[in-house]
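First comes the structure, then the notes that go with it.
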Amino acid sequence: MKLLISLILPALMLSATSSCGIKQPVTTNNSPSTNIPAKTTINNQIIPAADQLEAYLPLLKGKKVGLMGNQTSVVGKEHLVDVLLKNKVDIKFAFAPEHGFRGDIERGEKVSNDFDAKTGLPLYTLYGKNDKADSIVNSVDVMIFDLQDVGARFYTYIASMHRVMQLAANNNKKVIVLDRPNPNGDQVDGPVRKDDKFKANISYHKIAMIHGLTVGELAKMINGEGWLDKGKQVDLTVIPVKNYDHSMKYDLPVIPSPSLPNYASIRLYMSLCLFEGTDISVGRGTDWPFQVIGYPNPNLGTFTFTPGTRPGMAAHVEQQGKLCYGLDLRNVDAEAEKFTLKYLIDFYHKSGLKEKFFARPEFFDKLAGTDQLRKQILAGKTEAEIKESWKKELSAYKEMRKKYLMYPDFE
């Protein structure tokens with residue numbers, strides 16, 4: 001399958017943002033001394049690290065460089081790779097995460113190795129096994145990581161960052177993380193993964209399910225807590241976001257993956273992703289992924305929809321072709337929406353499925369980072385009772401998190 005045809009996709013990205021209801025960037029003038037596009041500011045003040053070329057171009061001078069990025073790796077309206085090449089940076093290859101370099105691959109699907117048709121740049125995957133990854137990273141001096149995370153432990157871009165850090169540590173290479181705001185950075189919640197038997201791409205770190213970190217802060221935590229193999233530390237530089245704190249709303253300029261097309265879906269994703277361990281539809285195969293939930297049972301609600309197929313969402317569509325009854329969450333106050341178990345617990349009780357509700361219990365437990373949540377729901381525990389059981393471990397995690405915060409917190 002030919003994927004990742006071009007690294008430079010301004011027309012595609014502008015089309016996607018306008019059709020998905022994500023704010024268009026606001027541009028301002030920038031210094032003419034380098035080939036830096038007009039800066040993008042969200043909320044008229046936040047400046048992601050990638051837009052600050054003056055902060056990291058000097059670190060790349062005379063170096064062979066590798067990149068982990070995707071369609072969210074933008075500087076203004078241009079792809080980071082294009083901007084770096086304009087500035088004579090010697091880029092040797094790029095790694096792609098889950099969803100591919102262009103972000104058009106469905107969850108869990110194979111990401112192929114390929115070449116960029118325009119530049120001839122080799123493209124490799126770290127999503128899944130890559131036996132040549134060490135030799136690939138050993139061919140450069142510096143690895144850049146620039147992916148837009150959404151703040152959930154089960155979003156796999158942070159597992160990809162960990163792998164980049166590990167490969168760089170193994171081969172004595174430097175890592176530069178270009179930090180970006182966390183659109184769910186105003187909350188820390190959910191169980192903390194402890195037991196390694198629940199470790200997977202969707203639960204890679206011993207952090208809260210809703211972790212409240214930027215990728216730069218998490219990279220510092222991975223290094224500082226000795227989470228790389230054998231306690232290794234990588235030579236790490238994090239370029240911080242300007243004018244950001246964790247209480248700020250952040251509208252992403254480019255969608256992070258096919259099923260998160262707008263701000264509402266990104267906020268609701270925190271709570272609705274747990275349904276992926278069940279057969280309940282979260283709107284994949286509709287125009288409203290992670291904004292509607294339903295199942296072929298009228299007890300679940302009066303709103304109806306029928307999942308079909310959509311580009312980038314054609315595979316693994318729960319209840320495809322079936323009339324689903326449930327909830328329409330498209331008009332929630334997305335900014336006020338925080339992580340909650342209310343949707344999950346409500347659907348569990350109304351479905352009448354009992355243990356069968358958790359159609360994929362092992363996957364659900366990995367999403368949660370524990371089997372206790374599933375067992376608590378089966379036992380009839382309330383949301384308040386379940387959250388109380390997390391309190392001690394969550395408090396300890398919050399104390400650890402404070403050591404690595406780079407920005408004012410929401411609390």
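All values below come from the heavy atoms of this structure, side chains included, with hydrogens, waters and symmetry mates left out. One-based numbering along the sequence shown.
- For F364, the ring pair (Phe, Tyr, Trp, His ring centres under 6.0 Å) criterion is met by F358, not counting sequence neighbours.
- Taking a cutoff of 4.0 Å between a charged side-chain nitrogen and a carboxylate oxygen, K387 and D189 qualify as a salt bridge.
- Using a 3.5 Å distance cut-off with no hydrogens or angles, the side chains of D149 and N182 do not pair a donor with an acceptor.
- Between R267 and E335 there is no salt bridge, since no side-chain nitrogen of the basic residue lies less than 4.0 Å from a carboxylate oxygen of the acidic one.
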*asked:* Pair E225, Y404 - check side-chain hydrogen bond (donor to acceptor under 3.5 Å, both in side chains), show working.
replied: CA-CA 10 Å; E225 296 299 314; Y404 303 104; 2.5 Å; yes
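- Residues D186 and Y250 bring no donor and acceptor atom of their side chains to less than 3.5 Å of each other.
- The existence of a salt bridge linking D235 and K174 is confirmed by a sub-4.0 Å separation between a basic side-chain nitrogen and an acidic carboxylate oxygen.
- With respect to the salt-bridge test (charged N to carboxylate O, under 4.0 angstrom), the residues D90 and K92 qualify.
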*Step by step, would you call D365 with K197 a salt bridge (Lys or Arg N to Asp or Glu O under 4.0 Å)?*
CA-CA 10 Å; D365 293 348; K197 76 177 182 179; over 6 Å; no
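- Residues R330 and N262 bring no donor and acceptor atom of their side chains to less than 3.5 Å of each other.
- Comment: R401 engages D409 in a salt bridge, judged by a side-chain N to carboxylate O separation of less than 4.0 angstrom.
- Side-chain N/O atoms of T340 and E383 include a donor and acceptor closer than 3.5 Å.
- Checked against a 6.0 Å centroid threshold, the rings of H246 and Y244 count as neighbours.
- Here the closest heavy-atom approach between residue E318 and residue D279 is recorded as CB-O, 4.0 Å.
- Salt bridge annotation for K220-E217: absent, with no cationic side-chain nitrogen under 4.0 angstrom from a carboxylate oxygen.
- Under a 4.0 Å N-O distance rule, the pair R284/E276 qualifies as a salt bridge.
- Counting non-hydrogen atoms of neighbouring residues, nucleotides and ligands closer than 6.0 angstrom, the CD atom of E362 reaches no more than 12 such neighbours.
- Of all the heavy atoms in G369 and S203, the pair that sits closest is CA-OG, 3.6 Å.
- Between F154 and Y269, the distance separating the two ring centers is shorter than 6.0 angstrom.
- A donor-acceptor pair under 3.5 Å is formed between the side chain of R153 and the backbone N or O of A368.
- Around NZ of K338, the count of heavy atoms belonging to other residues, nucleotides or ligands within 6.0 Å exceeds 12.
- Under 4.0 Å is where a charged nitrogen must lie from a carboxylate oxygen, and between K86 and E78 at least one such pair does.
- Counting only N and O atoms by type, the side chains of S389 and Q372 include no donor and acceptor under 3.5 Å apart.
- The environment of K322 atom NZ is sparse: at most 12 non-hydrogen atoms of other residues, nucleotides or ligands sit within 6.0 angstrom.
- By the 4.5 Å heavy-atom criterion applied to side chains, D82 and V75 are not counted as neighbours.
- Here the closest heavy-atom approach between residue Y325 and residue G301 is recorded as CB-O, 3.3 Å.
- The number of heavy atoms from other shown groups lying within 6.0 Å of NZ (K403) is above 12.
- Aromatic rings from F145 and F95 are positioned such that their centres are separated by 6.0 Å or more.
- The number of heavy-atom neighbours closer than 6.0 Å to NZ of K398, taken from other residues, nucleotides and ligands shown, is above 12.
- A 4.5 Å side-chain heavy-atom check between L236 and V238 finds at least one atom pair inside the cut-off.
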